[in-house]
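First the proteins, then the strands, lettered A, B, ... as listed; each starts at 1. Basis for what follows: all heavy atoms, side chains included, without hydrogens, waters or symmetry-related copies.
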Amino acid sequence: MDQDTLVKSLHPLEVKVLLTFGPGVPLTAGVLGEKLGYKVGQANQAFSWLCGKGLARETGRTSKTVYEITELGREQVAGGTPEENLLKALDNGPVAMADAAQLLGLEQKDMGSAYGQLAKEGLVAMDETKRIVKKAAQSPRLKTLRVLLQKAAEADLDESFLTDDEKAILSANAKKRGAAASVFKVSERETVVYELTPEAGSAVAIIRAQGVTGDELGALTPALLTSGAWKTGVFRPYNVAAPPSRLVIGRRNPYQEYILGVKDKLVSLGFEEFDGPLVETEFWNGDALFMPQFHSARDIHDVYYVKNPTHAKEIEQPWLDRIAAAHTNGGDTGSRGWGYNFDRDFTRRLILRSQGTVLSAKQLPHAKIPGKYFGVVRCFRYDQVDATHGADFYQTEGIVLGSDVNLRTLLGLLKMFAIEVAGATEVKYVPGYFPFTEPSVEVHIKHPVLGWFEMGGSGIFRPEVTKSLGVDVPVLAWGLGIDRMALMSLGLSDIRELFTANIENVRLRRRS
Amino acid sequence: MPKIEVKQAGLERYSTLKPSVDELTEMLPAVKGEVDEVNRETGVLKLEFNDTNRPDLWSTAGAGRALRSYYTGWLPTYEFFSRPARSLPDDGRRVTVDPSLAEVRPYLAAFALRGPAMDAVTLDDLIQTQEKLCWNFGRKRKSIAMGVYRSQSIHYPVRYQAVDPKTTRFQPLGLEKTLSLSEILKEHPKGVEYGSIVAGLPMFPFLTDSGGEVLSFPPIINSAHLGAVQVGDQELFVEMTGTDLPSLTLAVSIVACDLADAGYTILPVTVEYPYDTPFGKTVTFPYYFQEEVKAELGFINKLLGINLVGEEAQNALAKMGVTSRYGNGMLTVIPPVYRNDFLHPVDVAEDVAVGRGLASFEPERPSDATIGRLTDAELFGRRVRDLMIGMGFQEMIFNYLGSRHDFIERMNISGDDVVQILNPMTENYEYVRNSIAPNLLEAEGVSGNALYPHHIFEVGKVVRLEPSHREGSVTTNSLGWLSAAPDEGFNQINSRVAALLYYLGKDYKVKESSDPRFIPGRAAEVWIERKAQPEFAGVFGEVHPAVLENWNAGIPCTLGELNLDVLAR
């Protein structure tokens, strides 16, 4: 630290010490208290800071014994000692031992020791009816004890300034190991002696040159404003380069922030949001999407089944009949269907939603034409949980309905997402396969930083899906892998981190 | 998504092309495939095919054939197919079917072949085809199981029967002793793996030749004698049994075409059924059953957003191995013998699009003007989030699945309304949360090292069983929050609830709650004032030390949860 910065960093407590004392003078907290009016805490703070800056150093330590008043002692300063209180009570005439204890709120044994002390000094005695009688009003011991209590209440008593009598009384009333509550506590105190270093001299020169007195204004207080005292004072400059302390603030989860950004972007592109329940039926999760009931992806090991209840009470009509017909023989969709007997019991089976496309299908009967819809929804897959598979995760899906949409507008839509949502510079389309779309297209994009990766899947809904659900225009269906993009944006590589319960990890996480 | 292993040399032979791995990576998307792994030392490639309706691609021969069509314009023809109008001569290769199979495993399709001595590569390929077809297309042998036999020892007619599983015995492939069919289900590895397909049946399927020599116990295991195919064999008998004749017939066609491409002569086999089948009582296989599909060119052009003439569409289809006719605006597609995936004219449109190449389509931005909008629940959730953040809370996002231990036992609740999964992968993810509280407490439990105070919340979904509801449960949007600090208590959370509901514009009153998750006398129910009667919206209070102890939380916590669907009303 250069001298100038060093001087700037000085607190008024330090400045006054530097201006008041020369180098080599023995300094203690007591000395600072006497000359500058510092409290012990302030003095120690000043020494600590000055030593830290090399402007003062410790030269030695002395030790002394002091007596401190205890909580009980403080109570007795105001409320009297048991002995004083007993004497006072006897002013109204003799009292039996047990009654006295009750009267003074003392335990029997404390009562006993108070009586014993006073009796030894001849201040009290027991009469023939076993009542305590007052014989004299005061003893030197009681008088001294009272004085000591009152002194100790103001400041600790330094043993070296005490008389032998006082010491005897104090030690009789001081806390000893294992003893009952006492009015004094003995402790060893160390006094540290400091002196200012030669370096302090040059600091003083700068301080004087700058006209700093240590009386500069610190914190701007309401009192300063009210009194107007700030007008005649000078504000002490702070060290603005001092490291700040940590502040924990309320904030969004950065993953949520990412999702909100995607949602807002899709809304800006004219998409309306949809949502739905986490528990679904096989009907909406698979049948309505024209996945044959014997499809390998509908195995018990691909979807989570609800244990109880196992089946929905019913499936909405006319959609059930129409979808069943599409599976069996195509119904009125122009398809020949899968050619099997549709199982109307299986279709009611309750499961946890395994794909966001469910909600696209459910939207169809209510969709506007033209219309654009999307959802960012939680899905559940029967997968071993690892860095790329969560027990549950978000899927981003949607549809575009319009009499003029076609494969080229599907590609145009994907390109728009690639640029607007994913920030891609190049887009590549390859044929894909999904049971519910034909044609199907996978889109791969080149991100300026992350390189090529698969952004999502899409296609034109099969007429077996759309016509069965009452829609006569082509419907583009798409899904985006945004969790992967979110991971990249947050500099993470494990999908489980997005859902972590670790508060500190979430607090520290930020978007790149 | 089926994955197959192919030798690069085999793929070159069948495709007549010599692509490098990089070139192959560029070429495979045309058949919805991709290179998954490359072993440069052995020359073995692992390819993944995405279209589950194209089982013809799941072999070296099939993948090679598709690439050859697409990149050289070759249109394969196969002359060994019988058709509804004309059965080819079977030279006495016949299979008779026992009537009782109608209720057991009704269909069988078969063919024989003769040709060069079988080499290891072709045999491995055949076994892989068998596995992929029966596993992915045949639903793990449920609807298709395949057997291959040394046919020079077979005495026709072969008999497909249903037999008593306890008294019928033979020596299965892979074991040194004879066992009854019931014993095979318990003792043979294949019996253990696939036994469930037949276990409930009174009689089991069984295949012998006319001399009583055992071929196999379909769909489980071949016999050790006729069913032990080896390198060097020149004559084979291939059969498939199952529950759906069209898919069985298609699978037989695929294997026959693969072997024909490998240089074998395919020999028809006639199956005589005592009952009706979709193709009649007597069917000679391989059998072409696919029907022509008509698609209007105008429909295809509109769906693809282009304007092709008939010949252009036909050329595109030819690249996909598809023969077609065109006239009067109508394309008529004659499906290849090894394909049956034309369900609707859109399937023709896709083949046209892929045949043309997606790169030839100019992307066009959808032009319909529509109004974007978030759901009301999302908008309300955002208001709530902003208020929680304003009160100094960190937003969390938790998983919705968890264990009985976390969601029920540690919360000291009965769990009566928690949705349970029938087939959990592990007990760690066996329940769907009915509250955000366990997630919040878990976070507190694992975050004792994070600087205090802790203020966390989540706006998310919870599910509760609700027997009266059509789907048996209800999903609700919920706000859950937790504060942990040495001096945290009811007064603080009480003030937060008041602030939150003030800014959400909700009048409410509280009642003492007996929720066991909280300290008695320090938890409140929130009731929203309504015209008719107050509506319950949630609870908040000081978390019971017994619950804190369950989560290893050592700092006092308050917790609250409010039903946002109620608040938003």
Do the ring planes of B:H344 and B:F299 sit parallel (below 30°), tilted (30 to 60°) or perpendicular (above 60°)? tilted
Scored by heavy-atom pairs under 4.5 Å with chain A, the best of B:D347, B:V419, B:N50 is B:D347
Can you tell whether the side chains of A:E464 and A:R462 come within less than 4.0 Å, N to carboxylate O? yes
Counting heavy-atom pairs under 4.5 angstrom with chain A, the leader among B:V354, B:N136, B:N53 is B:N53
task = Take atom CD of B:E427 as the centre, draw a 6.0 Å sphere, and report whether it contains more than 12 heavy atoms from other residues, nucleotides or ligands.
result = no
Okay, A:D392 and chain B: the region with an atom under 4.5 Å from a heavy atom over there is both
Cut-off 4.5 Å, heavy atoms of chain B, and the answer for A:F461 is neither
Quiz item: Are there more than 12 heavy atoms of other residues, nucleotides or ligands under 6.0 Å from atom NZ of B:K302?
Solution: yes
Note: vs chain A, highest number of non-hydrogen pairs under 4.5 angstrom among B:K461, B:E442, B:E458 is B:K461
Max heavy-atom pairs within cutoff under 4.5 Å with chain B, candidates A:V248, A:V267, A:T310, goes to A:V267
When the 4.5 angstrom heavy-atom criterion is applied to A:E442 and chain B, the contacting part is side chain
For this session: Determine, step by step, whether B:R404 and B:Y431 satisfy the side chain to side chain donor-acceptor pair (under 3.5 Å) criterion, reporting the C-alpha distance in whole Å, the side-chain angles of both residues, the deciding distance to 0.1 Å, and the verdict.
Result: CA-CA 6 Å; B:R404 176 174 186 82; B:Y431 288 82; 3.1 Å; yes
Bottom line for A:F393: the part with an atom under 4.5 Å from chain B's heavy atoms is neither
Comparing B:E378, B:H455, B:M388, B:E444 against chain A, the one with the most heavy-atom pairs below 4.5 Å turns out to be B:E378
Chain A shares the most heavy-atom pairs under 4.5 Å, among B:E471, B:M391, B:K32, B:R470, with B:R470
- Task: Answer yes or no: does atom CG of B:D386 have more than 12 heavy-atom neighbours from other residues, nucleotides or ligands under 6.0 Å?
- Result: yes
(Q) Under 3.5 Å, is there a donor on one side chain and an acceptor on the other for A:E438 and A:S440? (A) no
Looking only at A:V400, A:V306, A:L278, the option with the highest number of non-hydrogen pairs under 4.5 Å against chain B is A:L278
Verdict with supporting geometry, A:Y433 and B:E350, side chain to side chain donor-acceptor pair (under 3.5 Å): CA-CA 11 Å; A:Y433 175 77; B:E350 179 177 86; over 6 Å; no
Scored by heavy-atom pairs under 4.5 Å with chain A, the best of B:R382, B:E364, B:M396 is B:E364
